[in-house]
Amino acid sequence: DVQLQASGGGLVQPGGSLRLSCATSDRPYRRYTMSWFRQAPGKEREWVSSIDGVGSSTQYSDSVKGRFTISRDNANNMMYLQMNSLKPEDTAVYYCAESQYTALFRITSRQYYRSWGQGTQVTVSS
């Protein structure tokens, strides 16, 4: 099984920035779409952003578009989420996940992901 390890969360003031990282144990010749989801207290887990297997295509939810940037470094089995202009409503546990597809297909549905990281807490507060 592929192991995912998310890190980089913390407490930040509104308007600040954080960079989340996700390390994967996946083999270098298998590159699947990877995504970030988040779950706020009392809410459903929601899709945030995705990047395809080769890192050439990305998508973002409307709530983070223009503020967050997803990227990946396949040589080092890493994925990142650069979060800028953070807002209190961005407060959540952030999860990285690996899709069963290599392209950006069915990316918003949790059922099509085969591996999940343990989550990292992001708190935006003054």
Side-chain angles (χ1 to χ4, degrees):
D1 291 344
V2 174
Q3 302 294 320
L4 301 178
Q5 180 77 31
S7 61
L11 173 64
V12 63
Q13 293 186 343
S17 298
L18 278 176
R19 188 195 196 203
L20 304 184
S21 299
C22 179
T24 172
S25 65
D26 205 356
R27 300 174 184 177
Y29 56 82
R30 294 194 309 176
R31 294 304 178 193
Y32 293 93
T33 288
M34 295 189 72
S35 300
W36 290 96
F37 285 75
R38 67 185 181 185
Q39 187 167 17
K43 294 188 177 181
E44 292 287 317
R45 190 172 299 187
E46 66 171 354
W47 170 76
V48 174
S49 181
S50 298
I51 187 166
D52 71 355
V54 297
S56 61
S57 297
T58 60
Q59 287 195 24
Y60 300 90
S61 66
D62 288 343
S63 60
V64 307
K65 196 174 296 181
R67 300 187 296 121
F68 291 10
T69 303
I70 192 171
S71 62
R72 66 190 297 165
D73 177 358
N74 284 345
N76 292 298
N77 287 0
M78 295 294 295
M79 178 183 66
Y80 305 99
L81 186 68
Q82 177 66 43
M83 306 186 295
N84 298 329
S85 303
L86 283 161
K87 305 175 181 180
E89 51 263 43
D90 295 318
T91 296
V93 177
Y94 284 70
Y95 299 89
C96 56
E98 183 176 88
S99 169
Q100 57 185 281
Y101 303 107
T102 58
L104 296 180
F105 183 58
R106 292 173 171 169
I107 54 176
T108 64
S109 299
R110 288 178 286 164
Q111 67 189 94
Y112 299 110
Y113 287 83
R114 59 199 193 116
S115 297
W116 292 83
Q118 86 289 358
T120 184
Q121 176 70 47
V122 172
T123 303
V124 184
S125 175
S126 54

Subject >> Ionic contact status for D90 with K87, cut-off 4.0 Å >> reply: no
Original post:
So does E44 pair up with R110, basic N to acidic O under 4.0 Å?
Top reply: yes
Reported [atom1]-to-[atom2] distance for the pair [X] and [Y], which is rounded to 0.5 angstrom:
X: L11; Y: S126; atom1: CG; atom2: OG; answer: 9.5 Å
X: T120; Y: Y95; atom1: OG1; atom2: OH; answer: 10.0 Å
X: L86; Y: T91; atom1: CG; atom2: OG1; answer: 8.5 Å

Subject >> Donor-acceptor pair between Y101 and R106 side chains, under 3.5 angstrom >> reply: yes
Subject >> Distance-only polar pair, side chains of R31 and N77, donor-acceptor under 3.5 Å >> reply: yes
Are any of the side-chain heavy atoms of [X] and [Y] separated by less than 4.5 Å?
X: Q118; Y: Q5; result: yes
X: Y80; Y: C22; result: no
X: E46; Y: T108; result: no
X: F68; Y: N84; result: no
X: V124; Y: Q13; result: no
X: M78; Y: S21; result: yes
X: S71; Y: Q82; result: no
X: Y60; Y: V48; result: no

Original post:
Any link between M83 and V12 through a network of hydrophobic side chains (Ile, Leu, Val, Met, Phe, Trp, Tyr) touching at under 4.5 Å?
Top reply: yes
Give the minimum heavy-atom separation between [X] and [Y], together with the two atoms involved.
X: S85; Y: S17; answer: N-OG, 4.4 Å
X: L20; Y: W36; answer: CB-CH2, 3.7 Å
X: I107; Y: S50; answer: CB-OG, 3.4 Å
X: C96; Y: M79; answer: CB-CE, 3.6 Å
X: T102; Y: D52; answer: O-CB, 3.6 Å

Subject >> With T33 via side chain to side chain donor-acceptor pair (under 3.5 Å) - residues at least two apart >> reply: none
Subject >> side chain to side chain donor-acceptor pair (under 3.5 Å) partners for R45, two or more places apart >> reply: Q39
**OP:** For side-chain hydrogen bond (donor to acceptor under 3.5 Å, both in side chains), just list the numbers for S125 and T123, CA-CA rounded to whole Å, side-chain angles, deciding distance to a tenth of an Å, and then say yes or no.
**Re:** CA-CA 6 Å; S125 175; T123 303; over 6 Å; no
Subject >> Partners meeting ring-ring contact (aromatic ring centres under 6.0 Å, His included) with Y113 (sequence neighbours left out) >> reply: F37, W116
Original post:
With no hydrogens and no angle check, is any side-chain donor or acceptor of R38 less than 3.5 Å from a backbone partner on V93?
Top reply: no
Original post:
Is there a donor-acceptor pair under 3.5 Å between the side chain of Q3 and the backbone N or O of T24?
Top reply: no
Subject >> Stacked cation flag R114 on Y32, 6.0 angstrom / 45 deg >> reply: yes
